[in-house]
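Working notes, beginning with the structure itself.
We name chains A, B, ... by the order of the sequence lines, and we start the count at 1 in each one.
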Number of protein chains: 2
Amino acid sequence: MGESRYSKQRELIYDALASTKEHPSAEMIYKELKPSYPSLSLGTVYRNLNFLVEEGRAISIPSTVNRYDATTQDHPHFFCTCCGNLYDLDISMDQTLDEPVESLGYEVHRRDLIFNGLCPHCLKKGNFGTED
Amino acid sequence: MGESRYSKQRELIYDALASTKEHPSAEMIYKELKPSYPSLSLGTVYRNLNFLVEEGRAISIPSTVNRYDATTQDHPHFFCTCCGNLYDLDISMDQTLDEPVESLGYEVHRRDLIFNGLCPHCLKKGNFGTED
DNA sequence: TTCGGTGCAAAGCCTTTGCATGTCT
DNA sequence: AGACATGCAAAGGCTTTGCACCGAA
């Protein structure tokens, strides 16, 4: 059963992540650490970021394959982590979501609200893990 | 100046997109249309989807390079389309967002709320387009 | 005729993975 | 010693792009 072991690289990567507000990508972390740790490899950065996410010590702001929608007005989506389906949610995207953001000085053009979890269908089937 | 011209492929691709609730990926559309239009190429599907998005006739549910964050609690983000920065928004992610979703039978594990637009910095500089 | 669109294939990113080597415990 | 982590490089996806041909206007 998987024990997790100390490594200098992992520590550096976590520290780099925890000490910035930039939401760095793997590449950004790599570029930051490489000068002071020349033997570091990009693969290690990827592996460790994924590891940290699994451990719950980091989140990833997700990238999926691009999906498209001909309904151009904003509406939230639900991504089922079990079956991979992406559902429309017929819920009004409360425009008041923008207010606090705009009061901070941002100009909002669009909102993407994506829920993650299990859809009713997968809940019914009792599929709680990822299907393959 | 760019005129846009009719093509059967573009029509088919738009129709396919408009007639489904599946939020298809480029690949999904390609697979759907290919049998009845064997000369169709995947590159054309990508080009047309991007075109439709630019025209405002479709939206893309975005994919960016994975970004990471060591703050593991949910909080919304703001992506500036001008400078490419991803900002934390120090706004409480109202848990009541989940209620209407859960009442539809979904089990919510996480929400990703990403605003798009211009950040205060770019607004100040008057940079309203994409910087290169 | 003109210039945008297409098909095809190659190239480009980002990310993952296989393998031999290194290193915590 | 044993198992996990690393570095390196190759392989894998998804997407874009260059080029020659096709076709709408």
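At a non-hydrogen distance threshold of 4.0 Å, B/Tyr37, B/Ser39 from residues 30-39 of chain B come into contact with DNA chain C.
Contact between A/Arg5 and A/Arg10 at its shortest, heavy atoms only, is O-NH1, 3.5 Å. In terms of heavy atoms, B/Tyr14 sits closest to B/Arg57 at CE1-O, 3.7 Å. Heavy atoms only, all atoms of each residue included: A/Tyr30 and A/Leu42 are closest at CE1-N, 3.4 Å.
Among residues two or more places apart in sequence or in another chain, the side-chain contact (heavy atoms from CB on, under 4.5 Å) test is passed with B/Leu33 by B/Leu12, B/Ile13, B/Ala16, B/Ile29, B/Leu40. Applying the side chain to side chain donor-acceptor pair (under 3.5 Å) criterion to A/Glu11, with sequence neighbours excluded, gives A/Tyr6. Under the salt bridge (charged side-chain N to carboxylate O under 4.0 Å, His left out) criterion, A/Glu27 pairs with A/Lys31, not counting sequence neighbours. Under the rule for a salt bridge (charged side-chain N to carboxylate O under 4.0 Å, His left out), B/Glu102 has no partner lying at least two apart in sequence or in another chain. With sequence neighbours left out, the ring-ring contact (aromatic ring centres under 6.0 Å, His included) criterion links A/Phe115 to no other residue. Listed by chain and residue number, nothing satisfies the side chain to side chain donor-acceptor pair (under 3.5 Å) test with A/Arg47 (two or more places apart in sequence, or in another chain). With sequence neighbours excluded, the residues satisfying side-chain contact (heavy atoms from CB on, under 4.5 Å) with A/Ser41 are A/Thr44.
One interatomic measurement links the two molecules: OH of B/Tyr14 to P of C/dG5, which rounds to 17 Å at whole-angstrom precision. Summarising the geometry, the separation between CD on B/Glu54 and C1' on C/dG5 is reported as 14 Å, rounded to the nearest angstrom. If you take CG of B/Leu42 and P of C/dG7, they are 11 Å apart, rounded to a whole angstrom. Summarising the geometry, the separation between CD on B/Glu27 and C1' on D/dG12 is reported as 13 Å, rounded to the nearest angstrom. The nearest whole Å value for the distance from the CD atom in B/Glu11 to the P atom in C/dG5 is 15 Å. When rounded to the nearest whole Å, the span between OH of B/Tyr46 and P of D/dG18 equals 18 Å. What separates CG of B/Leu40 from P of C/dT6 is a distance of 9 Å, to the nearest Å. Regarding A/Asn48, its CG atom lies at a distance of 14 Å from the C1' atom of C/dT16, rounded to whole Å.
Axis orientation changes by 30° from one end of the helix from C/dT1-D/dA25 to C/dT25-D/dA1 to the other, with each end axis drawn from 5 pairs and the value rounded to 10°.
Side-chain nitrogen and oxygen atoms of B/Thr44 include at least one within less than 4.0 Å of the OP1 or OP2 phosphate oxygen of C/dG7. For A/Asn50, a side-chain nitrogen or oxygen approaches OP1 or OP2 of C/dT16 to under 4.0 Å.
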Side chain to side chain contact (heavy atoms under 4.5 Å, CB included) evaluation trace for A/Leu89 with B/Tyr106
CA-CA 10 Å; A/Leu89 292 178; B/Tyr106 295 89; 3.7 Å; yes
At a cut-off of 3.5 Å, list every protein nitrogen or oxygen paired with a nitrogen or oxygen from nucleotides 19-25 of chain C, distance to 0.1 Å.
| unit_1 | atom_1 | unit_2 | atom_2 | d |
| --- | --- | --- | --- | --- |
| C/dC24 | O2 | A/Arg5 | NH1 | 3.1 |

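Comparing A/Gln9 and B/Gly43, the nucleotide of DNA chain D nearest to each residue sits closer to the 5' end for A/Gln9.
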